[in-house]
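Step one of this worksheet: look at the structure below.
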Amino acid sequence: AQSVTQPDIHITVSEGASLELRCNYSYGATPYLFWYVQSPGQGLQLLLKYFSGDTLVQGIKGFEAEFKRSQSSFNLRKPSVHWSDAAEYFCAVGATNTGNQFYFGTGTSLTVIP
Amino acid sequence: ETGVTQSPTHLIKTRGQQVTLRCSSQSGHNTVSWYQQALGQGPQFIFQYYREEENGRGNFPPRFSGLQFPNYSSELNVNALELDDSALYLCASSKGGGSGAYEQYFGPGTRLTVT
């Protein structure tokens with residue numbers, strides 16, 4: 001069965017520090033991969049996506065993610081975190097072989113210390 | 001370009017009642033998906049509509065049903081509400097066909113509380 005795992009429930013970083021949020025997926029084929037960000041009480045905003053091709057993808061707000069097939073991972077990174085990046089981050093998989101289903105991880109909550 | 005909108009913003013219902021949530025898709029999008037997000041959890045896929053037909057369904061009982069209209073707006077209906085149905089309901093729209101169906105843009109959600 002398809003699944004998405006975000007091992008870190010909560011991460012705290014200092015403003016200006018680098019960030020890496022982990023995402024692992026279980027899927028039988030090459031998935032479509034996404035990262036979304038959700039601020040409190042808000043809907044989800046698409047940060048970046050991977051469909052095929054270059055395994056390092058750039059997104060909005062200075063975020064990037066790298067698809068590693070051998071590790072079934074799609075980790076999100078940012079070189080220098082800003083206080084406004086504090087939010088909930090969700091990794092998601094689009095499963096093309098099961099009728100357009102979409103699977104989300106349980107999320108990682110990011111706190112940024114001034 | 002108009003984004004995804006949802007109504008109402010908040011809703012309080014009593015167990016056993018029925019509820020209808022509404023979603024207007026982003027301009028140019030013909031696919032709408034619905035998600036349930038319980039507190040502290042990731043969104044769970046309920047179903048997807050493409051050109052007015054259900055085009056995929058998650059693990060939700062039949063009392064969760066939907067509609068898509070010719071203008072691609074959509075409704076989510078939940079019958080016989082249970083306390084566990086309390087959640088944020090998110091609607092997402094995308095351009096159907098191929099990988100475009102997976103590039104989803106979300107609305108702000110409807111917060112449903114069942115008492």
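Just so it is clear: chains get the letters A, B, ... in the order the sequence lines come, proteins before strands, and each one is counted from 1. Computed from a predicted model, the values in this text were never measured in an experiment.
Other residues, nucleotides and ligands contribute over 12 non-hydrogen atoms within 6.0 Å of the CD atom of A:Q58. Other residues, nucleotides and ligands place more than 12 heavy atoms under 6.0 Å from the CZ atom of B:R63. Counting non-hydrogen atoms of other residues, nucleotides and ligands closer than 6.0 Å to CG of A:L56 gives a total above 12. Atom CG of B:N71 is surrounded by more than 12 heavy atoms from other residues, nucleotides or ligands within 6.0 Å. Within 6.0 Å of CZ in A:R77 there are more than 12 heavy atoms belonging to other residues, nucleotides or ligands.
For chain A, the nearby part of B:Q37 is the side chain; its heavy atoms alone come within less than 4.5 Å. For A:Q6, no part sits under 4.5 Å from any heavy atom of chain B, backbone or side chain. Heavy atoms of B:Y35 lying under 4.5 Å from chain A belong exclusively to its side chain.
Hydrophobic clustering, with ILVMFWY side chains joined whenever heavy atoms are under 4.5 angstrom apart, groups A:F63 together with A:V81.
With values rounded to the nearest 0.5 angstrom, A:F104 atom CZ is found 10.0 Å from B:Q44 atom CD. Atom CD in B:E103 sits 6.0 Å away from atom CG in A:L46 (nearest 0.5 Å).
Contact annotation: the side chain of A:F102 never approaches that of B:S33 to less than 4.5 Å [non-hydrogen atoms, C-beta and beyond].
What you find for B:L90 and A:G43 is that their closest heavy atoms are CD2-CA, 4.1 Å.
Under the 6.0 Å cut-off for aromatic ring centres, B:F106 and A:Y36 qualify, their centroids lying closer than that.
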